[in-house]
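Both counts, for ligands and for their atoms, begin at 1 and track the order of listing.
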Amino acid sequence: MSAGLTELRRSVAGAVIAPEDPGYDLVRRCFNALVDRRPAVIVRCRGARDVGTAFDYARTNGLELAVRGGGHNPAGHCVLDGGLVIDLTMMRGVEVDPDARIARSEGGATWLDFDSATQAHGLVTPGGIVGSTGVTGLTLGGGIGHLTAQYGLTCDNFVGAELVTPDGSLVRASEEENADLLWGLRGGGGNFGVVTRGEFRLHPLEKVVGGRMLYRGPGIAGALRAYRDLVAAAPRDMSCQAFVALTESLEPYLVVVPCYTGNGDHAGLHPLRAAPGLVTDGVREHSFVGQQHLFNPAYGADRNYWKSSFVRDLPDELIDDLIGRMQALGRPPGQLLIESLHGAPKDVDGSTAAVGFRDATFNVSVMAAWLDPAHDEEQIAWTRETSAAIEPFSVSGGYVNYMQADEPIERVRAAFGEDSFDGLRELKARYDPDNVLRRNQNVPPRV
Ligand SMILES: Cc1cc2nc3c(=O)[nH]c(=O)nc-3n(C[C@H](O)[C@H](O)[C@H](O)COP(=O)(O)OP(=O)(O)OC[C@H]3O[C@@H](n4cnc5c(N)ncnc54)[C@H](O)[C@@H]3O)c2cc1C
């Protein structure tokens, strides 16, 4: 072990893991099994001071850096070959101030950590739909989930942050202090510093009416149209997502996942119940935490390659084409995910956040998933071709939270729009002028 590494171990409150240490293979693993990288050192931080020490060590030793929250980003930006990982997985505390309706979440907390803490007080913020996804990583890219129509994007509820910038400074961002930085953090990704603590606005909510509705057979195109028409009416009390996938017998099926928070007879759900091909209606009243457990994919099992497009509409011809392309994939478990952006995201003044997709109608994501490396080429080609077929309907460069590492800068730029991208480049020049934090959907500093 080098003298430098021994000194680093002494300097941090957390743990330092090198390739020869037990647990190395476990802590370098990310959600996407397509990504298999071997960092030189992983610093499992315990707080902002450790993050500053890790930045300092990387700079002194000429090491490139990656930042790990929940490890979910499909591009695998949280791990790198030969460099240093600032790992936040030991910083998962979430404190709730029920009177102020604010949660303060450490930089490595997951949605499971967050929802458990906030639901103990009957409070929520609109977050991601999988418990092991990182709260901060998701928020920094926007955040779409089961409560988007009711309360907006996750980043719209992100009201403050404390971050360590690459020069080791501790900076605060809020509506009162460095408000332009808060704007950039609402969508601009991990470009400006490591967020060690984030503050989120909370809303009272315990029960929802939700679950999965499964449609099979030739009627699924009609059911997908019914879903589209339902959300086009912009119900404020129902978020709704849908996905198309393949059964083991290679038949396309549709799942619609409403999350309804209105009162009364659940009339809003009637069009989904009347749609053709409904074989299982799993929608019922349950806890919000129950809704958050509808999807629990295995961590690090599948190889994944995703591409998303924000579209202005889902015309019939696109629906038919997507179902045909799903069938053509010929191998489960890949899927086409359709997330609706109706409701509260449209109420927010767009100038308060850097996200560039607020005005889109749906986020349509092509998500190949497979186990066998022999299928890499075929699955990646299917994703690219299907995504190209969606492109004519697209209104922006895609969702940064679902981007692979091979996306060209033009798509990252288009994801924000020219003006916002320029604003982000200016912030980058101020907080990370040397582009130390470049393993992300990168915003190069303005020169
Ligand atoms: C199974 C699955 C489910 C998902 N569900 C949703 C969903 O419901 N809604 C949605 O909008 N998105 C969803 N996503 C996408 C997800 O939000 C993004 O991939 C996000 O980047 C993941 O954050 P992470 O911390 O888990 O990932 P990581 O790979 O650990 O981090 C990704 C990047 O985010 C940045 N980052 C993370 N934490 C910090 C921090 N504390 N400070 C500074 N930068 C940081 C870094 O640049 C890091 O490289 C999902 C992804 C997966 C794989």
In residues 238-245, what donor-acceptor pairs under 3.5 Å come from side-chain atoms, sequence neighbours left out?
unit_1	atom_1	unit_2	atom_2	d
S239	OG	H146	O	3.2
S239	OG	T148	N	3.1
S239	OG	A149	N	2.9
S239	OG	Q150	OE1	2.6
Q241	NE2	G145	O	3.3

Which pairs would a plain distance check flag for residues 416-425, meaning a side-chain donor or acceptor within less than 3.5 Å of a matching protein atom at least two apart in sequence or in another chain?
unit_1	atom_1	unit_2	atom_2	d
E418	OE1	R413	NH1	3.3
R425	NE	P444	O	3.0
R425	NH2	P445	O	3.2

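Protein neighbours of ligand 1 below 4.0 Å, counting non-hydrogen atoms: F31, V67, R68, G69, G70, G71, H72, N73, P74, H77, C78, L88, G107, G128, I129, V130, T133, G134, T136, G137, L138, L140, G143, I144, G190, G193, V194, V195, P297, W306, Y399, N401, Y402, R439, N440.
Side-chain N/O atoms of Y151 and R201 include no donor and acceptor closer than 3.5 Å. Using a 3.5 Å distance cut-off with no hydrogens or angles, the side chains of D432 and N191 do not pair a donor with an acceptor.
For R284, there are no salt bridge (charged side-chain N to carboxylate O under 4.0 Å, His left out) partners, not counting sequence neighbours.
For the side chain to side chain donor-acceptor pair (under 3.5 Å) with R358, the lone residue among D347, D349, D156 that qualifies is D156.
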